[in-house]
Amino acid sequence: MLLGMADPLPPFPTAQDLIRPDGKVVIDDLLEVLRLSRAELALALDLPEEALSERSRLETPETQRRLRDLIEVLVQVVPWTGSFSEAYAWVSTRPLPSFGGRTAADLLREDRVETVASYVFRVAQGGYA
């Protein structure tokens, strides 16, 4: 390695890294990349904590859908935020002017993943948000 040159950044996790081939989210891996506890993620998704800690509840279609929706948006945001944890911070705290100051997380809790994904795509393309 040349002096002064940093090691290249590791590639960002992809949806395939966090979702098994059967469509189930690997919750421990997701929590690790987000640096969150189960309780924090459950609160963010408007789910009871048991939905992320009890296997039978974790595997319900509703819980899995909410987790996959979050991952879908995070994967789109990571390239311009730099990490999954920063992408999560953006999704959870950045007010979106087009939506009356609500955050992407607010919209995800309203089951509006397509709206959020479209918004993020426009921003990524340099369009007006």
Side-chain angles (χ1 to χ4, degrees):
M1 178 169 78
L2 298 174
L3 287 177
M5 302 260 322
D7 288 333
L9 293 173
F12 301 120
T14 65
Q16 291 78 24
D17 295 325
L18 300 171
I19 302 172
R20 297 188 319 232
D22 66 0
K24 303 289 185 188
V25 172
V26 183
I27 190 67
D28 292 330
D29 291 351
L30 179 60
L31 293 169
E32 183 178 330
V33 298
L34 294 179
R35 299 181 183 142
L36 294 175
S37 69
R38 288 177 194 273
E40 291 167 326
L41 184 57
L43 182 63
L45 295 173
D46 197 27
L47 292 168
E49 186 177 349
E50 297 79 27
L52 300 183
S53 58
E54 294 176 9
R55 183 175 200 91
S56 63
R57 295 196 60 189
L58 176 61
E59 294 187 356
T60 65
E62 174 66 13
T63 299
Q64 288 295 310
R65 182 188 56 76
R66 286 186 184 221
L67 291 167
R68 283 191 304 271
D69 289 351
L70 176 63
I71 291 169
E72 177 183 335
V73 171
L74 292 174
V75 166
Q76 288 182 289
V77 175
V78 162
W80 32 281
T81 60
S83 71
F84 262 74
S85 58
E86 289 297 318
Y88 177 78
W90 184 92
V91 164
S92 351
T93 63
R94 176 77 178 208
L96 307 178
S98 299
F99 301 100
R102 291 188 318 224
T103 65
D106 294 331
L107 297 170
L108 288 173
R109 283 189 290 273
E110 296 170 8
D111 296 327
R112 297 180 63 190
V113 67
E114 295 86 10
T115 302
V116 175
S118 176
Y119 175 88
V120 169
F121 179 78
R122 283 193 318 272
V123 170
Q125 298 301 312
Y128 178 72

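Model, not experiment: these values are computed from the prediction.
Considering only heavy atoms from C-beta on, L96 stays 4.5 Å or farther from T103 through its side chain. Using a 4.5 Å cut-off on side-chain heavy atoms (C-beta onward), D17 and V33 make no contact. Between V78 and Y88 there is no side-chain heavy-atom pair separated by less than 4.5 Å. Between V116 and Q76, the closest side-chain pair of non-hydrogen atoms is not below 4.5 Å.
With a 6.0 Å radius and a threshold of 12 heavy atoms from other residues, nucleotides or ligands, R20 has its CZ atom above the threshold. Surrounding CZ of R35 are at most 12 heavy atoms belonging to other residues, nucleotides or ligands under 6.0 Å away. For E59, the CD atom is densely surrounded, since the number of other residues' heavy atoms within 6.0 Å is greater than 12.
In this structure, a donor-acceptor pair under 3.5 Å is absent between the side chains of T115 and S118.
The two atoms that bring A105 and S92 nearest to each other are CB-CA, 3.9 Å, heavy atoms only. Annotation for A87 and L74: closest pair C-CD2, 3.6 Å, computed over non-hydrogen atoms. A pairwise comparison of heavy atoms in S56 and T60 identifies O-CG2, 3.4 Å as the closest pair. Across all their heavy atoms, Q64 and G23 have their closest contact at OE1-O, 3.8 Å. For the residue pair I19 and R68, the shortest heavy atom distance occurs at CD1-CG, 3.7 Å.
To the nearest 0.5 Å, the span separating CG on L18 from CG on L30 amounts to 6.0 Å. Once rounded to the nearest 0.5 Å, the distance linking CG of L107 with CG of D69 reads 12.0 Å. The distance from the CG atom of D46 to the CD atom of E110 is 10.5 Å, given to the nearest 0.5 Å.
In the hydrophobic cluster analysis, where Ile, Leu, Val, Met, Phe, Trp and Tyr join through side-chain heavy atoms closer than 4.5 angstrom, W80 is grouped together with V75.
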| Working for side-chain contact (heavy atoms from CB on, under 4.5 Å), residues W90 and V120 | CA-CA 11 Å; W90 184 92; V120 169; 4.1 Å; yes
| Would D111 and R65 satisfy side-chain contact (heavy atoms from CB on, under 4.5 Å), going step by step from the backbone distance to the final call? | CA-CA 9 Å; D111 296 327; R65 182 188 56 76; 2.9 Å; yes
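Not one N or O on the side chain of E72 forms a donor-acceptor pair closer than 3.5 Å with the backbone of A117. The main-chain N or O of L52 is found under 3.5 Å from a side-chain atom of R38 such that the two form a donor-acceptor pair. Side-chain atoms of T63 come within 3.5 Å of backbone N or O of R57 as a donor-acceptor pair.
Partner of R66 under the side-chain contact (heavy atoms from CB on, under 4.5 Å) criterion, chosen from V25, L47, L41: L47.
Salt bridge D106/R109: present, at least one basic N to carboxylate O contact under 4.0 Å.
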